[in-house]
Amino acid sequence: MGTMFGVQHAGFIIASYAVTVVTIGALIAWIAIDHRRQKAALAALEARGVTRRSARGGEAS
Amino acid sequence: MIGRIALAHAPHYQKGMALLDLANPSRFLALVARVQPWLVAATVAVFAVAAWQVFFVSPDDYQQGDTVRIMYIHVPAAWLSLFCYAVMAAASLGTLVWRHPLADVSAKAAAPIGAAFTFICLATGSLWGKPMWGTWWIWDARLTSQLVLLLMYLGLIALWRSVDDPGRAGRAAAVLTLVGTVNLPIIKFSVDWWNTLHQPASVFRLGGPTIHPSLLTPLMVSALAFTLLFLVMHLAAMRNEILRRRVRAMQLIAAQRETLPAGAQPVPGE
(Lines give C-alpha, C1' and ligand atoms only; values in the text may rest on other atoms or scores of the structure.)
Protein backbone atom coordinates (compact mmCIF):
# COMPACT_ATOMS: atom_id res chain seq x y z
CA MET A 1 0.00 0.00 0.00
CA GLY A 2 3.03 2.20 0.45
CA THR A 3 3.21 2.66 -3.28
CA MET A 4 -0.42 3.77 -3.35
CA PHE A 5 -0.91 6.36 -0.58
CA GLY A 6 1.82 8.86 0.12
CA VAL A 7 2.19 9.40 -3.56
CA GLN A 8 1.92 12.43 -5.75
CA HIS A 9 -1.34 11.65 -7.53
CA ALA A 10 -3.31 9.82 -4.84
CA GLY A 11 -6.23 12.24 -5.21
CA PHE A 12 -6.66 11.44 -8.93
CA ILE A 13 -6.35 7.70 -8.29
CA ILE A 14 -8.86 7.69 -5.42
CA ALA A 15 -11.28 9.85 -7.44
CA SER A 16 -11.04 7.41 -10.39
CA TYR A 17 -11.82 4.38 -8.22
CA ALA A 18 -14.60 6.30 -6.43
CA VAL A 19 -16.28 7.24 -9.75
CA THR A 20 -16.07 3.59 -10.84
CA VAL A 21 -17.45 2.17 -7.57
CA VAL A 22 -20.33 4.70 -7.48
CA THR A 23 -21.27 4.13 -11.16
CA ILE A 24 -21.14 0.32 -10.93
CA GLY A 25 -22.87 0.41 -7.52
CA ALA A 26 -25.70 2.55 -8.92
CA LEU A 27 -26.09 0.15 -11.87
CA ILE A 28 -26.23 -2.92 -9.60
CA ALA A 29 -28.72 -1.17 -7.28
CA TRP A 30 -30.92 -0.20 -10.25
CA ILE A 31 -30.90 -3.79 -11.56
CA ALA A 32 -31.77 -5.18 -8.09
CA ILE A 33 -34.57 -2.63 -7.51
CA ASP A 34 -35.96 -3.24 -11.02
CA HIS A 35 -35.99 -7.01 -10.38
CA ARG A 36 -37.88 -6.55 -7.11
CA ARG A 37 -40.36 -4.19 -8.81
CA GLN A 38 -41.11 -6.60 -11.70
CA LYS A 39 -41.51 -9.57 -9.33
CA ALA A 40 -43.95 -7.55 -7.19
CA ALA A 41 -45.94 -6.48 -10.28
CA LEU A 42 -46.13 -10.12 -11.50
CA ALA A 43 -47.24 -11.33 -8.06
CA ALA A 44 -49.94 -8.62 -7.89
CA LEU A 45 -51.30 -9.59 -11.33
CA GLU A 46 -51.29 -13.29 -10.48
CA ALA A 47 -53.12 -12.52 -7.23
CA ARG A 48 -55.84 -10.85 -9.37
CA GLY A 49 -56.16 -14.10 -11.34
CA VAL A 50 -54.46 -12.82 -14.50
CA THR A 51 -52.50 -15.55 -16.31
CA ARG A 52 -50.58 -15.61 -19.57
CA ARG A 53 -51.75 -17.87 -22.41
CA SER A 54 -48.49 -19.83 -22.27
CA ALA A 55 -48.84 -20.29 -18.49
CA ARG A 56 -52.42 -21.52 -18.96
CA GLY A 57 -51.25 -23.99 -21.60
CA GLY A 58 -48.70 -25.46 -19.18
CA GLU A 59 -45.67 -24.36 -21.22
CA ALA A 60 -44.44 -21.04 -19.92
CA SER A 61 -42.57 -18.68 -22.19
CA MET B 1 -39.69 -40.97 -42.15
CA ILE B 2 -36.50 -42.95 -41.52
CA GLY B 3 -34.50 -39.93 -42.66
CA ARG B 4 -36.37 -37.68 -40.24
CA ILE B 5 -35.70 -40.05 -37.30
CA ALA B 6 -32.03 -40.28 -38.27
CA LEU B 7 -31.81 -36.47 -38.44
CA ALA B 8 -33.38 -36.11 -34.98
CA HIS B 9 -30.66 -38.33 -33.53
CA ALA B 10 -27.79 -36.60 -35.32
CA PRO B 11 -25.49 -34.68 -32.91
CA HIS B 12 -25.67 -31.42 -34.89
CA TYR B 13 -29.49 -31.55 -34.88
CA GLN B 14 -29.59 -32.05 -31.11
CA LYS B 15 -27.12 -29.19 -30.67
CA GLY B 16 -29.37 -26.97 -32.78
CA MET B 17 -32.36 -27.93 -30.68
CA ALA B 18 -30.44 -27.06 -27.50
CA LEU B 19 -29.84 -23.57 -28.91
CA LEU B 20 -33.53 -23.29 -29.80
CA ASP B 21 -34.42 -24.32 -26.23
CA LEU B 22 -32.48 -21.29 -24.97
CA ALA B 23 -34.70 -19.08 -27.13
CA ASN B 24 -37.54 -20.00 -24.78
CA PRO B 25 -37.58 -17.21 -22.12
CA SER B 26 -38.63 -19.59 -19.32
CA ARG B 27 -35.74 -21.96 -20.04
CA PHE B 28 -33.40 -18.95 -20.27
CA LEU B 29 -34.60 -17.71 -16.85
CA ALA B 30 -34.00 -21.17 -15.37
CA LEU B 31 -30.50 -21.22 -16.83
CA VAL B 32 -29.74 -17.74 -15.43
CA ALA B 33 -30.95 -18.83 -11.97
CA ARG B 34 -28.57 -21.83 -12.10
CA VAL B 35 -25.52 -20.01 -13.51
CA GLN B 36 -25.78 -16.61 -11.77
CA PRO B 37 -24.53 -17.60 -8.25
CA TRP B 38 -21.40 -19.23 -9.74
CA LEU B 39 -20.76 -16.23 -11.98
CA VAL B 40 -21.13 -13.80 -9.05
CA ALA B 41 -18.69 -15.88 -6.96
CA ALA B 42 -16.18 -15.99 -9.84
CA THR B 43 -16.52 -12.21 -10.36
CA VAL B 44 -15.88 -11.43 -6.67
CA ALA B 45 -12.88 -13.81 -6.60
CA VAL B 46 -11.28 -12.34 -9.74
CA PHE B 47 -11.89 -8.78 -8.47
CA ALA B 48 -10.11 -9.71 -5.22
CA VAL B 49 -7.10 -10.99 -7.19
CA ALA B 50 -7.21 -7.85 -9.40
CA ALA B 51 -7.25 -5.54 -6.33
CA TRP B 52 -4.25 -7.38 -4.85
CA GLN B 53 -2.38 -7.14 -8.18
CA VAL B 54 -3.23 -3.46 -8.69
CA PHE B 55 -2.50 -2.13 -5.18
CA PHE B 56 0.21 -4.49 -3.90
CA VAL B 57 2.01 -6.08 -6.86
CA SER B 58 2.02 -3.59 -9.74
CA PRO B 59 5.05 -1.28 -9.81
CA ASP B 60 4.77 2.38 -10.80
CA ASP B 61 5.24 3.06 -14.49
CA TYR B 62 8.51 4.79 -15.38
CA GLN B 63 6.63 7.61 -17.16
CA GLN B 64 3.11 7.65 -15.66
CA GLY B 65 4.27 6.94 -12.10
CA ASP B 66 1.48 5.81 -9.77
CA THR B 67 -1.28 7.04 -12.14
CA VAL B 68 -0.79 3.75 -14.01
CA ARG B 69 -3.30 2.41 -11.45
CA ILE B 70 -6.01 4.48 -13.15
CA MET B 71 -5.26 2.51 -16.34
CA TYR B 72 -6.37 -0.71 -14.61
CA ILE B 73 -9.95 0.58 -14.65
CA HIS B 74 -9.79 2.98 -17.62
CA VAL B 75 -8.59 0.42 -20.17
CA PRO B 76 -11.01 -2.43 -19.23
CA ALA B 77 -13.87 0.12 -19.19
CA ALA B 78 -12.85 1.29 -22.69
CA TRP B 79 -12.68 -2.30 -23.99
CA LEU B 80 -16.06 -3.15 -22.47
CA SER B 81 -17.68 0.01 -23.86
CA LEU B 82 -16.80 -1.31 -27.34
CA PHE B 83 -17.52 -4.98 -26.53
CA CYS B 84 -20.95 -4.09 -25.16
CA TYR B 85 -21.81 -2.21 -28.35
CA ALA B 86 -20.59 -5.19 -30.42
CA VAL B 87 -22.91 -7.46 -28.37
CA MET B 88 -25.78 -5.05 -29.11
CA ALA B 89 -24.90 -5.05 -32.82
CA ALA B 90 -24.90 -8.89 -32.93
CA ALA B 91 -28.22 -8.90 -31.04
CA SER B 92 -29.62 -6.37 -33.52
CA LEU B 93 -28.80 -8.75 -36.36
CA GLY B 94 -30.59 -11.45 -34.35
CA THR B 95 -33.64 -9.17 -34.08
CA LEU B 96 -33.81 -8.10 -37.73
CA VAL B 97 -32.56 -11.22 -39.54
CA TRP B 98 -33.42 -14.25 -37.38
CA ARG B 99 -36.13 -12.65 -35.18
CA HIS B 100 -34.66 -14.45 -32.17
CA PRO B 101 -36.98 -13.86 -29.18
CA LEU B 102 -34.12 -12.95 -26.82
CA ALA B 103 -32.05 -10.83 -29.23
CA ASP B 104 -33.99 -7.63 -28.64
CA VAL B 105 -34.05 -8.35 -24.88
CA SER B 106 -30.25 -8.74 -24.91
CA ALA B 107 -29.67 -5.49 -26.82
CA LYS B 108 -31.98 -3.44 -24.59
CA ALA B 109 -30.46 -4.89 -21.40
CA ALA B 110 -26.90 -4.18 -22.57
CA ALA B 111 -27.41 -0.46 -23.39
CA PRO B 112 -27.32 1.01 -19.83
CA ILE B 113 -24.34 -1.20 -18.96
CA GLY B 114 -22.48 -0.04 -22.06
CA ALA B 115 -23.31 3.58 -21.22
CA ALA B 116 -21.96 3.10 -17.67
CA PHE B 117 -18.67 1.61 -18.91
CA THR B 118 -18.30 4.41 -21.49
CA PHE B 119 -18.90 7.01 -18.76
CA ILE B 120 -16.29 5.32 -16.50
CA CYS B 121 -13.84 5.28 -19.42
CA LEU B 122 -14.32 9.01 -20.09
CA ALA B 123 -14.28 10.04 -16.39
CA THR B 124 -11.18 8.02 -15.47
CA GLY B 125 -9.47 9.13 -18.69
CA SER B 126 -10.11 12.73 -17.70
CA LEU B 127 -8.77 12.10 -14.17
CA TRP B 128 -5.64 10.55 -15.70
CA GLY B 129 -5.31 13.28 -18.33
CA LYS B 130 -5.10 16.18 -15.87
CA PRO B 131 -1.84 15.07 -14.15
CA MET B 132 -0.33 13.44 -17.28
CA TRP B 133 -1.38 15.72 -20.16
CA GLY B 134 -2.10 18.84 -18.11
CA THR B 135 -5.75 18.97 -19.22
CA TRP B 136 -9.04 17.34 -18.25
CA TRP B 137 -10.28 17.17 -21.84
CA ILE B 138 -9.17 17.77 -25.41
CA TRP B 139 -11.16 17.38 -28.64
CA ASP B 140 -8.84 14.59 -29.74
CA ALA B 141 -10.20 12.00 -32.25
CA ARG B 142 -10.16 9.12 -29.71
CA LEU B 143 -11.80 11.12 -26.92
CA THR B 144 -14.40 12.66 -29.22
CA SER B 145 -15.37 9.34 -30.85
CA GLN B 146 -15.68 7.79 -27.38
CA LEU B 147 -17.96 10.68 -26.33
CA VAL B 148 -20.05 10.04 -29.47
CA LEU B 149 -20.36 6.38 -28.32
CA LEU B 150 -21.78 7.57 -24.97
CA LEU B 151 -24.28 9.81 -26.80
CA MET B 152 -25.28 6.85 -29.01
CA TYR B 153 -25.92 4.69 -25.95
CA LEU B 154 -28.04 7.46 -24.38
CA GLY B 155 -29.95 7.95 -27.66
CA LEU B 156 -30.72 4.22 -27.89
CA ILE B 157 -31.93 4.13 -24.26
CA ALA B 158 -34.18 7.14 -25.01
CA LEU B 159 -35.53 5.43 -28.15
CA TRP B 160 -36.44 2.25 -26.23
CA ARG B 161 -38.19 4.31 -23.57
CA SER B 162 -40.10 6.51 -26.02
CA VAL B 163 -41.85 3.69 -27.96
CA ASP B 164 -44.45 1.79 -25.94
CA ASP B 165 -44.54 -1.44 -27.98
CA PRO B 166 -41.32 -3.42 -27.21
CA GLY B 167 -41.36 -5.12 -30.65
CA ARG B 168 -41.51 -1.85 -32.60
CA ALA B 169 -38.99 -0.19 -30.28
CA GLY B 170 -36.66 -3.18 -30.65
CA ARG B 171 -36.71 -3.09 -34.47
CA ALA B 172 -36.13 0.69 -34.60
CA ALA B 173 -33.31 0.43 -32.06
CA ALA B 174 -31.77 -2.49 -33.98
CA VAL B 175 -31.55 -0.40 -37.17
CA LEU B 176 -30.05 2.54 -35.26
CA THR B 177 -27.58 0.25 -33.45
CA LEU B 178 -26.35 -1.26 -36.73
CA VAL B 179 -25.92 2.23 -38.25
CA GLY B 180 -23.91 3.20 -35.16
CA THR B 181 -21.44 0.32 -35.58
CA VAL B 182 -19.58 2.59 -38.01
CA ASN B 183 -18.23 4.33 -34.90
CA LEU B 184 -16.48 1.19 -33.56
CA PRO B 185 -13.62 1.08 -36.12
CA ILE B 186 -13.37 4.87 -35.89
CA ILE B 187 -12.76 4.59 -32.13
CA LYS B 188 -10.32 1.70 -32.50
CA PHE B 189 -8.25 3.17 -35.35
CA SER B 190 -8.64 6.88 -34.54
CA VAL B 191 -5.17 6.86 -32.94
CA ASP B 192 -3.68 5.51 -36.20
CA TRP B 193 -5.71 7.55 -38.70
CA TRP B 194 -5.29 10.93 -37.03
CA ASN B 195 -2.55 12.70 -35.10
CA THR B 196 -3.90 12.36 -31.58
CA LEU B 197 -2.74 13.17 -28.06
CA HIS B 198 -4.09 9.75 -27.00
CA GLN B 199 -1.39 7.09 -27.25
CA PRO B 200 -1.69 4.32 -29.91
CA ALA B 201 -2.72 0.73 -29.11
CA SER B 202 -0.29 -0.99 -26.74
CA VAL B 203 -1.99 -4.35 -26.03
CA PHE B 204 -4.03 -5.53 -29.05
CA ARG B 205 -1.60 -4.72 -31.86
CA LEU B 206 0.41 -6.49 -34.53
CA GLY B 207 3.71 -7.51 -33.00
CA GLY B 208 2.24 -8.11 -29.55
CA PRO B 209 1.82 -5.91 -26.46
CA THR B 210 4.40 -3.22 -25.73
CA ILE B 211 3.60 -3.22 -21.99
CA HIS B 212 5.96 -4.88 -19.51
CA PRO B 213 4.50 -8.12 -18.03
CA SER B 214 4.58 -6.60 -14.51
CA LEU B 215 1.98 -4.06 -15.70
CA LEU B 216 0.25 -6.27 -18.27
CA THR B 217 -0.70 -8.99 -15.76
CA PRO B 218 -2.73 -6.70 -13.43
CA LEU B 219 -4.33 -5.12 -16.50
CA MET B 220 -5.47 -8.47 -17.91
CA VAL B 221 -6.74 -9.72 -14.52
CA SER B 222 -8.66 -6.48 -14.08
CA ALA B 223 -10.08 -6.80 -17.62
CA LEU B 224 -11.23 -10.36 -16.83
CA ALA B 225 -12.92 -9.15 -13.61
CA PHE B 226 -14.76 -6.35 -15.46
CA THR B 227 -15.79 -8.76 -18.24
CA LEU B 228 -17.28 -11.17 -15.68
CA LEU B 229 -19.05 -8.22 -14.04
CA PHE B 230 -20.50 -7.26 -17.43
CA LEU B 231 -21.76 -10.84 -17.91
CA VAL B 232 -23.38 -10.93 -14.44
CA MET B 233 -25.11 -7.56 -14.93
CA HIS B 234 -26.18 -8.34 -18.51
CA LEU B 235 -27.81 -11.65 -17.55
CA ALA B 236 -29.57 -9.98 -14.57
CA ALA B 237 -30.80 -7.09 -16.74
CA MET B 238 -32.04 -9.57 -19.41
CA ARG B 239 -33.95 -11.46 -16.70
CA ASN B 240 -35.57 -8.16 -15.61
CA GLU B 241 -36.53 -7.30 -19.19
CA ILE B 242 -38.21 -10.71 -19.70
CA LEU B 243 -40.19 -10.18 -16.47
CA ARG B 244 -41.12 -6.62 -17.58
CA ARG B 245 -42.56 -7.99 -20.86
CA ARG B 246 -44.53 -10.62 -18.96
CA VAL B 247 -45.97 -7.90 -16.70
CA ARG B 248 -46.92 -5.85 -19.78
CA ALA B 249 -48.59 -8.84 -21.47
CA MET B 250 -50.56 -9.64 -18.31
CA GLN B 251 -51.58 -5.98 -17.86
CA LEU B 252 -52.97 -6.00 -21.43
CA ILE B 253 -54.95 -9.19 -20.68
CA ALA B 254 -56.28 -7.62 -17.46
CA ALA B 255 -57.25 -4.42 -19.31
CA GLN B 256 -59.03 -6.43 -22.04
CA ARG B 257 -60.86 -8.47 -19.42
CA GLU B 258 -62.08 -5.32 -17.69
CA THR B 259 -63.40 -3.73 -20.91
CA LEU B 260 -64.96 -6.86 -22.53
CA PRO B 261 -68.63 -7.77 -21.91
CA ALA B 262 -69.31 -10.67 -19.51
CA GLY B 263 -68.66 -14.10 -21.05
CA ALA B 264 -66.38 -12.85 -23.88
CA GLN B 265 -62.86 -14.28 -24.03
CA PRO B 266 -59.92 -11.84 -24.09
CA VAL B 267 -57.31 -12.11 -26.83
CA PRO B 268 -54.39 -13.76 -25.07
CA GLY B 269 -51.06 -11.99 -24.79
CA GLU B 270 -47.57 -13.50 -24.61
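We use all heavy atoms of the structure for the numbers below, so side chains are in, but hydrogens, waters and symmetry mates are not. Letters A, B, ... mirror the listed sequences (proteins, then strands); counts begin at 1. From a predicted model like this one, the values you see are computed outputs, not experimental measurements.
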Part of Thr23(A) lying under 4.5 Å from any heavy atom of chain B: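 Contact with chain B is through the side chain of Thr23(A) alone.
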Using non-hydrogen atoms only, which part of Arg37(A) is less than 4.5 Å away from chain B: side chain, backbone, both, or neither? neither
[X] versus [Y], closest heavy-atom pair with distance:
X         : Y         : result
Val87(B)  : Ser106(B) : CG1-OG, 4.2 Å
Ile157(B) : Ala111(B) : CG1-CB, 3.8 Å
Trp160(B) : Gly170(B) : NE1-CA, 3.8 Å

Heavy-atom distance under 4.5 Å to chain A: side chain of [X], backbone, both or neither?
X         : value
Val54(B)  : side chain
Leu229(B) : side chain
Ala123(B) : side chain
Met71(B)  : neither
Gln251(B) : both

Please find out if less than 6.0 Å separates the ring center of Phe226(B) from that of Phe83(B). no
Could you go step by step and tell me if Leu122(B) and Phe119(B) meet the side-chain contact (heavy atoms from CB on, under 4.5 Å) rule? CA-CA 5 Å; Leu122(B) 287 168; Phe119(B) 171 73; 5.7 Å; no
Full working for side-chain contact (heavy atoms from CB on, under 4.5 Å) between Arg69(B) and Phe12(A): CA-CA 10 Å; Arg69(B) 283 173 181 80; Phe12(A) 292 102; over 6 Å; no
